[in-house]
Enquirer: 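Next up is a structure, given as structure tokens.
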Amino acid sequence: MSTSLPFLFELGVEEIPHWMIEPALADLDRLFQQFLSQHSFPSSAVRYDGTPRRLVLRTELPERQEDRAEVVMGPPKSAGPGAAQGFAKRNNVAVDALAVETTPKGEYFALHRTVIGRDTRELLAEALPAIIAKLPWPKAMYWTGKGQVTFIRPIRWIVALLGNQVVEFGIADVKSGALSRGHRRLGSDGIAFDHATYEERLEKNGVILSKDKRRKRIQDGIKKLLKGTGLTLVADDALLTDLVYLTEFPTPILGEFRKQFLELPSEVLSTVMRHHQRYFTLNDAQGNMAPRFIAVMNMKADGKGFVKKGNERVLEARFNDARFFWEQDRQKTLEDRVPDLASVTFQAKLGSYLAKTTRVEKRACEIGTVLGIDAAFAVRAARLAKTDLTTEMVKELTELQGVMGGLYARKQGEPVEVWEAIYEQYQPVSMEAPIPASKSGQILSLADKLDTLESCFSIGMTPTGSKDPFALRRAAQGVVKILVEGRLRFALKDLSPDLHEFLLDRARYYLKDIRGFAYDEVSAVLAAQSSDLVDVEARLIALKQVRQTENFEALAASFKRIRNILKQAGEYRDSVEESLLEDGPERDLHNAMSGVLARVAGFLKSDDYIQALTVISTLRPAVDAFFDRVLVNAQDPAVRANRLALLGRLNAQVSSIAELSEIVTSSTSE
Amino acid sequence: MDTFQQTIFKLKQFWAKHGCVIQEPYDVEVGAGTMCPETFLRVLGPKPYSVAYVQPSRRPADGRYGENPNRLYKHSQLQVILKPAPANVMDLYLESLAAVGINLDQHDLKFEEDNWESPTLGAWGIGWQVMLDGIEVTQFTYFQQCGGVDLDLVPAELTYGLERLIAFLQDRKSVYDIEWVEGRTYGDVRMLEEQQFSVYNFEKADVKMLWTLLDLHEAEAQRLIDEFKGLGEGQAHDQRRFPLLAAYDHVLNCSHTFNLLDARGAISVTERVGVIGRVRKLAVGVATAWMEQQALLNASQEAVA
């Protein structure tokens, strides 16, 4: 075993977009592991770190590969000495160095030899340029000239050290070396170090390498700033992660803005601060927004207060803009803005938002009729819903579309049902986020999403693979979530077959991955052709619960058998001839069934699926006895047909609740 | 504290010292410094070129009648093109900030992803917005494509928003309060222009006439492009002296006319996509012809040498 050496690889790059750093490190890991296994290196712990300016890999590697034995197979022995000589010559050995191997195909000449392990440094020098070039990026660039290496941003330096020796290679006019670089302002270029002092040396040069340390420095810094102020941080983990990867030496500072801006909607203030300026917002002791913020610098300190002042000034300018928009936009009512939607494109082939508005109004009205709800508020909301796209505020702060419309509608005296619906129209924003709280908001959101889906489907713009430019999957998931969680009984099968199938697919995802129902339970219930998703959910809850009871799985296994028998039989009658029933298990099953199915029908009238399935489970002994002692394929064709009819009737009744044969049981999985 | 014009002098001097041709603004209306031939055409082809100039950039829809402290119909960009981008381009940029008096040890600097794309020019690049204490002071772009053509040498484009940068340096809340020269503010120099052009762009511009102008400029640019395309073997002399620069001026006129129509709210959904496509077609046409002409010119220069 050769000596193990520390290996350090640092790729120095101009500022990498913050959101790409973690995925890049995962890709680097994948490529490096491929390298290790390709060259039969033992697996060892690899540590990856990333900052905006560097991707770093550290591990231990043997100084050289292990020697390994290798057998090279030659010609068959029957080919004679001439062939053996040729084979020996090709491999640069004497013919008496060859052995004869016996294989299932006969005897063959073979050469046993030892392959000397190569220097790890050499292997690395060959592999690293390819690993760098293979790192995939969402949008890469070239910089040394057309047709040359592409990467996310220009590569400016490379450190590659195995032990104390440089792994020598070059890529894009950069040669690997032993020197690292520090923070742009806090450090110097050409930092020498050894493996043990690498992190420490970087830190002295203004680079905190570990993302966890940077995160902690931000969190601790904020705690210190807020101590004794009575202010609390509005936590925002996504923002914190952005800042961790936008900085090499993060330091939070506390800034303030004039109290009078608090008159603006807090949604506006918060969007400007969090999304546009990357500031954390703060609350006062009463839980209201405080006129303060936290910015995170990529510096150690703000000794002269310039950074605080600059950030305060830019925030004030942005708030001034927002206030101007807030005043200006309200000079024209949303109603008066409806015609302006003619010049806002929804989609080139689908026309303007005015056309969409007209469709969504109609749709909201129809949904109201289907659901038996007065949709007048939702229809009014639909008319105004997109008008905020013509306001200056939304042109500037696009994230606030919908929300701004709601706020303007409230100011203009629209009823609460209307402005809330506008405000909530884009909810749910994700599968974890809430659906609109108001009924009119739910109807509007549904009408809007169904319109988008239907329109895009009508021009063939359906998602394929990873391509989904109009976020139709998300829209469909929104539809599913609103229908189920809003308890809206809306029949999906009235939609076009394509869209119906697309929504069912999203429903499957929602029920399984978000709601945690088992795969087979979802399949069983969806196969039963339920009328709507609220009903699907009720059946799933029942199935999940009754499944735990002792008779259920065995019964489900029997249903698989029943379905196979019926499938093989092809056609069968639907009425049972009582006179043909044999006394014993067959008649017993028939009697038990008649009683059970009558009770089931009663429970189904009130959608009580738990009771219905529980009662069905009681059929297990009768079904078991039937299969134990009755032969379905009786010799008398009339008896056989009658038995098939009996099973057919049972199957039809039960599978209208859930296709029990879809349930994976221990006996079916054998 | 430096005045507006002193800061501009210093930036120009800095980039002159680093080998840039210092150009004057281009005298056809443009929406951004990128559109000037000194950028759009010079970045094409294999010849190195470095240039810096202040370009008044007109965006009719951004006008605010001089009433908004931060928004202007016409703002000034200092445009720097370094073709090809040297490996130390970032350091040079930071030095330029130091040259106008920013002590970077006392400020916070971040490079945030911001890729640039101009559908009307068939151009895109990759880069950052440079944030100084939370204020965007520069757009930094590595060009990749222009006029639909992949670039041979990758230029770095630095665009300093001068009003914003200098308001920062002078600590002014409104760009109109910037001291242009001692005793005169930015407002003294430019306010009337902002007011009058806002009135014209939003209220008075004759839509019908603008559409006619657009058609005329488009036809003239297209006529020239087609004529150049029609030249071939044995007409190298005519190809080399062909006025593609004039054709490009008409493309710029189309683009500005489009912006005026847009500010007037005169462009409907379908028209919008269509007009952008028309201008793009011209820009790509000129860029392609320009590449061809440059190849001829380079070949004849080499022949002489």
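In the text below, chain A, chain B and the rest are named by the order of the sequence lines, each starting its count at 1. Because the structure is a prediction, the values reported are computed rather than measured.
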Enquirer: Do you know the tightest heavy-atom contact between B/Ile126 and A/Lys139?
Expert: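 That closest heavy-atom pairing would be CD1-O, 3.6 Å.
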
Enquirer: Please give me the minimum heavy-atom distance between B/Gln106 and A/Asp302, naming the atom from each residue.
Expert: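 The pair with the smallest heavy-atom distance is O-OD1, 4.3 Å.
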
Enquirer: Heavy-atom pairs under 4.5 Å with chain A are the metric here; pick the option from B/Gly127, B/Gly125, B/Ser174 that has the most.
Expert: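 Between B/Gly127, B/Gly125, B/Ser174, the count favours B/Gly127.
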
Enquirer: Shorter than 4.5 Å, heavy atoms on both sides: which option in A/Glu312, A/Arg318, A/Glu316 has the most such pairs with chain B?
Expert: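 When all of A/Glu312, A/Arg318, A/Glu316 are compared, A/Glu316 has the most.
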
Enquirer: Identify which part of B/Ala85 has an atom lying under 4.5 Å from any heavy atom of chain A, answering side chain, backbone, both or neither.
Expert: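 When you check distances to chain A, no heavy atom of B/Ala85 falls under 4.5 Å.
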
Enquirer: Under 4.5 Å heavy-atom distance to chain B, tell me which part of A/Ala140 shows up: side chain, backbone, both or neither.
Expert: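 Looking at A/Ala140, just its backbone touches chain B.
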
Enquirer: Determine the option with the most heavy-atom pairs under 4.5 angstrom with chain B, choosing from A/Asp321, A/Leu186, A/Ile16.
Expert: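 Looking at each option in turn, the highest pair count goes to A/Asp321.
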
Enquirer: Got a second to check how far A/Arg313's CZ is from B/Arg172's CZ, nearest 0.5 Å?
Expert: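 Rounded to the nearest 0.5 Å, the CZ-CZ separation comes to 10.0 Å.
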
Enquirer: Might you point out which heavy atoms bring A/Met299 and B/Leu104 nearest each other, and give the distance in Å?
Expert: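 Of all heavy-atom pairs spanning A/Met299 and B/Leu104, the closest is CE-O, 3.8 Å.
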
Enquirer: Within the supplied structure, the quantity of interest is the number of heavy atoms (other residues, nucleotides, ligands) at a distance under 6.0 Å from B/Lys74 NZ; does it exceed 12?
Expert: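 Yes, the 6.0 Å shell around NZ holds more than 12 heavy atoms from other groups.
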
Enquirer: Quick one: what part of B/Asn70 sits under 4.5 Å from any heavy atom of chain A, side chain, backbone, both or neither?
Expert: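 Side chain only.
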
Enquirer: Taking side chain as everything from C-beta outward and backbone as N, CA, C, O, which of these in B/Leu132 sits under 4.5 Å from a heavy atom of chain A? Side chain, backbone, both or neither.
Expert: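 When you check distances to chain A, no heavy atom of B/Leu132 falls under 4.5 Å.
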
Enquirer: Ignoring hydrogens, what is the shortest heavy-atom contact between B/Glu113 and A/Met20? Give both atom names and the distance.
Expert: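 Scanning both residues, the minimum pair turns out to be OE2-CE, 3.6 Å.
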
Enquirer: Heavy atoms only: give me the nearest A/Glu15-B/Met90 pair and the separation to one decimal.
Expert: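 Where A/Glu15 meets B/Met90 most closely, the heavy atoms are OE1-CE, 3.5 Å.
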
Enquirer: For A/Glu392, is there an ion pair with B/Arg71 - N to carboxylate O distance below 4.0 angstrom?
Expert: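 A salt bridge is absent here (no side-chain N lies under 4.0 Å from a carboxylate O).
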
Enquirer: Measure from the side-chain N and O atoms of B/Asp133 to the backbone N and O of A/Asn311, and report whether any donor-acceptor pair falls under 3.5 Å.
Expert: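 Not at all, since once roles are kept as given, no pair shorter than 3.5 Å links the two residues.
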
Enquirer: Check A/Lys146 against B/Leu151 and note the closest heavy-atom contact, atom names and distance.
Expert: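 Between these two residues, the closest heavy atoms are CB-O, 3.4 Å.
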
Enquirer: Mind ranking A/Met297, A/Arg153, A/Lys304 by heavy-atom pairs under 4.5 Å with chain B and telling me who comes out on top?
Expert: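 Ranked by heavy-atom pairs under 4.5 Å with chain B, first place is A/Arg153.
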
Enquirer: Less than 4.5 Å to any heavy atom of chain B: does that hold for the side chain of A/Ala295, its backbone, both, or neither?
Expert: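 Interface part for A/Ala295: neither.
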
Enquirer: Return the CD to NZ distance between A/Glu248 and B/Lys110, rounded to the nearest 0.5 Å.
Expert: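 Output value for this atom pair is 12.5 Å.
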
Enquirer: Would a distance-only check, ignoring hydrogens and angles, find a side-chain to backbone donor-acceptor pair under 3.5 Å from A/Gln277 to B/Gly134?
Expert: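 At least one qualifying donor-acceptor pair exists.
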
Enquirer: Are there more than 12 heavy atoms of other residues, nucleotides or ligands under 6.0 Å from atom NZ of A/Lys349?
Expert: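 No, because the 6.0 Å sphere around NZ of A/Lys349 holds 12 heavy atoms or fewer from other groups.
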
Enquirer: Could you tell me the separation between the CZ atom of B/Phe143 and the CE atom of A/Met141, rounded to the nearest 0.5 Å?
Expert: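 One gets 12.0 Å once the value is rounded to the nearest 0.5 Å.
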
Enquirer: Where does B/Val175 contact chain A at under 4.5 Å (heavy atoms): side chain, backbone, both or neither?
Expert: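 It is neither, since no heavy atom gets under 4.5 Å.
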
Enquirer: Could you tell me whether the side chain of B/Asp150 reaches within less than 4.5 Å of the side chain of A/Tyr142, counting heavy atoms only?
Expert: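 They are in contact (side-chain heavy atoms under 4.5 Å apart), so the answer is yes.
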
Enquirer: The criterion is salt bridge (charged side-chain N to carboxylate O under 4.0 Å, His left out); which residues satisfy it with A/Asp340, sequence neighbours excluded?
Expert: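 Expected list: A/Lys332.
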
Enquirer: Checking heavy atoms, do the side chain of A/Gln148, its backbone, both or neither come under 4.5 Å from chain B?
Expert: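 Nothing of A/Gln148, per the 4.5 Å heavy-atom cut-off to chain B.
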
Enquirer: Using non-hydrogen atoms only, which part of A/Thr251 is less than 4.5 Å away from chain B: side chain, backbone, both, or neither?
Expert: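 No part of it gets close to chain B.
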
Enquirer: Kindly indicate whether a cation-pi arrangement holds for A/Arg184 with B/Phe111, taking the cut-offs as under 6.0 Å to the six-membered ring centre and within 45° of the axis.
Expert: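 Yes, a cation-pi geometry holds between A/Arg184 and B/Phe111.
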
Enquirer: Can you say whether B/Asp152 sits under 4.5 Å from chain A via the side chain, the backbone, both, or neither, judging by heavy atoms?
Expert: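 Its backbone and side chain both get close to chain A.
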
Enquirer: Please state whether the side chain, the backbone, both or neither of B/Asp171 comes within less than 4.5 Å of a heavy atom of chain A.
Expert: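 For B/Asp171, backbone and side chain are both near chain A.
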
Enquirer: Any chance you could measure A/His183, atom NE2, to B/Leu109, atom CG, to the nearest 0.5 Å?
Expert: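 One finds 8.5 Å between NE2 of A/His183 and CG of B/Leu109.
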
Enquirer: Non-hydrogen atoms of chain B under 4.5 Å away: do they reach the side chain of A/Ile152, the backbone, both or neither?
Expert: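 For A/Ile152, the backbone is the part near chain B, not the side chain.
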
